Amino acid sequence: MRGFIVALILCTLNGACASAQPKREPVRVLFVGNSQMYVGNLPAVFDALAASNGRDAQSEMIAKGGHTLARHLSDGAASKALATGKFDYLVLQERGGDIIGSFGQNDRDGAKVSLQEFTRLATAARAEPIYLGTYQPLPAVSDALLKAEGSLADRLKLAYVPVSGHFRTAVAAAPEAAWLDKDGMHPGRDLTFLKAVLLYRQIFGALPAATAFAVEAVMAAPRTSAKSTHVYSKERVAVVLEIAATKDAIQE
């Protein structure tokens with residue numbers, strides 16, 4: 001027994017027994033959203049980023065083009081998945097502009113009510129809900145979006161990951177990067193990566209390392225069966241990390 005105690009003390013001091021510690025369970029994340037989520041396959045990029053930093057993240061996605069959170073509530077698939085109790089986090093994303101009434105007052109009200117209901121369902125399932133912001137290129141609209149998203153998150157006491165300010169900073173700092181998809185609306189590969197970095201910081205408490213990594217996944221709509229591989233170079237990762245380190249505040 002005395003020998004065991006001495007060994008334990010030495011192990012604590014020099015970290016030599018780290019490999020003997022129980023393996024941590026993977027972090028399980030459920031992503032619920034729309035084409036802003038599946039174009040570029042945000043869950044796959046997040047999982048690959050986590051793996052490149054020695055983390056085990058296993059994500060699932062329920063996303064349909066044009067779907068609001070209200071429609072996700074009504075069709076029941078996300079609620080059923082949450083009820084299994086296997087997820088640690090629930091990442092929620094609306095259509096860009098719903099929360100500020102870009103598609104009408106009904107959708108604005110529905111966004112608020114459905115986010116509140118998903119927060120309740122996640123809490124009941126012991127999953128931490130995370131409100132992932134959307135983005136707008138025009139300064140005034142971007143600021144209004146950040147205000148509305150932040151205010152709602154504060155009211156619901158909900159973890160909030162703002163995006164729009166980072167997006168505008170990114171476009172100004174590195175205009176050559178793929179911030180937007182070829183349609184000029186959906187997230188490009190670099191914006192998807194930026195969102196993955198912001199979520200990584202929210203979930204793991206720190207920014208990831210500036211390490212190159214590859215993502216092999218279906219990178220467009222879920223109905224597309226062909227996988228592709230995209231490599232994020234160390235230089236690209238460093239650029240995105242620098243942008244993620246800035247404060248996503250309303251521009252003055």
Side-chain angles (χ1 to χ4, degrees), residues 31-49 61 63-68 91-100 102-103 107 111 131-146 148-149 160-202 208 212-224 226-233 235-251:
F31 287 77
V32 176
N34 49 67
S35 57
Q36 287 201 42
M37 190 171 279
Y38 68 64
V39 173
N41 202 332
L42 176 58
V45 176
F46 173 78
D47 286 357
L49 174 63
M61 174 170 53
K64 296 181 180 180
H67 248 45
T68 61
V91 176
L92 300 161
Q93 188 171 46
E94 268 292 7
R95 299 181 303 179
D98 267 322
I99 199 65
I100 54 175
S102 297
F103 303 97
D107 284 333
Y131 183 20
L132 177 62
T134 55
Y135 55 92
Q136 291 288 337
L138 296 177
V141 183
S142 175
D143 290 351
L145 183 66
L146 287 168
E149 290 175 345
Y160 168 51
V161 176
V163 173
S164 198
H166 288 304
F167 167 67
R168 289 174 56 204
T169 298
V171 171
E176 77 288 351
W179 302 118
L180 292 176
D181 191 56
K182 59 185 179 181
D183 64 9
M185 297 170 51
H186 288 97
R189 293 186 186 275
D190 291 322
L191 180 53
T192 296
F193 175 44
L194 174 59
K195 291 194 289 184
V197 168
L198 296 172
L199 283 170
Y200 182 99
R201 177 172 59 187
Q202 176 64 41
F213 71 101
V215 182
E216 183 180 1
V218 177
M219 301 301 284
R223 63 179 177 273
T224 304
K227 288 186 177 181
S228 63
T229 301
H230 181 72
V231 177
Y232 287 98
S233 68
E235 292 74 21
R236 177 59 63 198
V237 171
V239 168
V240 172
L241 289 178
E242 184 176 356
I243 293 166
T246 64
K247 185 177 181 181
D248 193 351
I250 296 170
Q251 302 295 314

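Sequential numbering from 1 along the given sequence is applied to the chain's residues. Predicted, not measured: the structure shown is a model, and the values here were computed from it.
The two atoms that bring V197 and P208 nearest to each other are CG1-CD, 4.0 Å, heavy atoms only. Taking all atoms of both residues into account, the shortest heavy-atom contact from H67 to G33 is CB-O, 4.1 Å. Between L198 and P162 the shortest heavy-atom distance is CD1-O, 3.6 Å. V239 and A174 get closest at one heavy-atom pair: CG1-CB, 4.2 Å. Considering all non-hydrogen atoms of both residues, A244 and L194 come closest at CB-CD1, 4.0 Å. Residues R168 and S142 approach most closely at CD-OG, 3.3 Å, considering heavy atoms.
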Next item on the list: Determine, stepwise, if the pair E94 / T68 fulfils side-chain contact (heavy atoms from CB on, under 4.5 Å).
Entry: CA-CA 6 Å; E94 268 292 7; T68 61; 3.7 Å; yes
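Residue pairs meeting the ring-ring contact (aromatic ring centres under 6.0 Å, His included) criterion with at least one partner in residues 162-181, sequence neighbours excluded, are Y135-F167. Sequence neighbours left out, the pairs with a member in residues 184-196 that pass side chain to side chain donor-acceptor pair (under 3.5 Å) are S35-H186, D183-H186.
Listed by chain and number, the residues in a side chain to side chain contact (heavy atoms under 4.5 Å, CB included) with A44 are N41, V215, A217 (sequence neighbours excluded). Residues that satisfy the ring-ring contact (aromatic ring centres under 6.0 Å, His included) test with F31, not counting sequence neighbours, are absent from this structure. In this structure N34 satisfies the side-chain hydrogen bond (donor to acceptor under 3.5 Å, both in side chains) test with no other residue, sequence neighbours excluded. Residues passing the ring-ring contact (aromatic ring centres under 6.0 Å, His included) test with Y232, sequence neighbours excluded: F193, F213, H230. Applying the side chain to side chain contact (heavy atoms under 4.5 Å, CB included) criterion to E235, with sequence neighbours excluded, gives S233. With sequence neighbours excluded, no residue satisfies side chain to side chain contact (heavy atoms under 4.5 Å, CB included) with A172. D47 pairs by the salt bridge (Lys or Arg N to Asp or Glu O under 4.0 Å) definition with nothing, not counting sequence neighbours. Judged as a side chain to side chain contact (heavy atoms under 4.5 Å, CB included), and not counting sequence neighbours, E242 has no contacts. Partners of F46 under the ring-ring contact (aromatic ring centres under 6.0 Å, His included) rule, at least two apart in sequence or in another chain, do not exist in this structure. Under the side-chain hydrogen bond (donor to acceptor under 3.5 Å, both in side chains) criterion, E149 pairs with T134, Y160, sequence neighbours left out.
Note that the CD1 atom of I99 and the CG atom of D107 stand 10.5 Å from one another [nearest 0.5 Å]. Here CE of M185 is found 9.0 Å from CD of Q36. Values are rounded to the nearest 0.5 Å. Rounding to the nearest 0.5 Å places CD of Q93 at 11.0 Å from CG of D98.
In this structure, L42 and L132 have side chains that are in contact, with non-hydrogen atoms separated by less than 4.5 Å.
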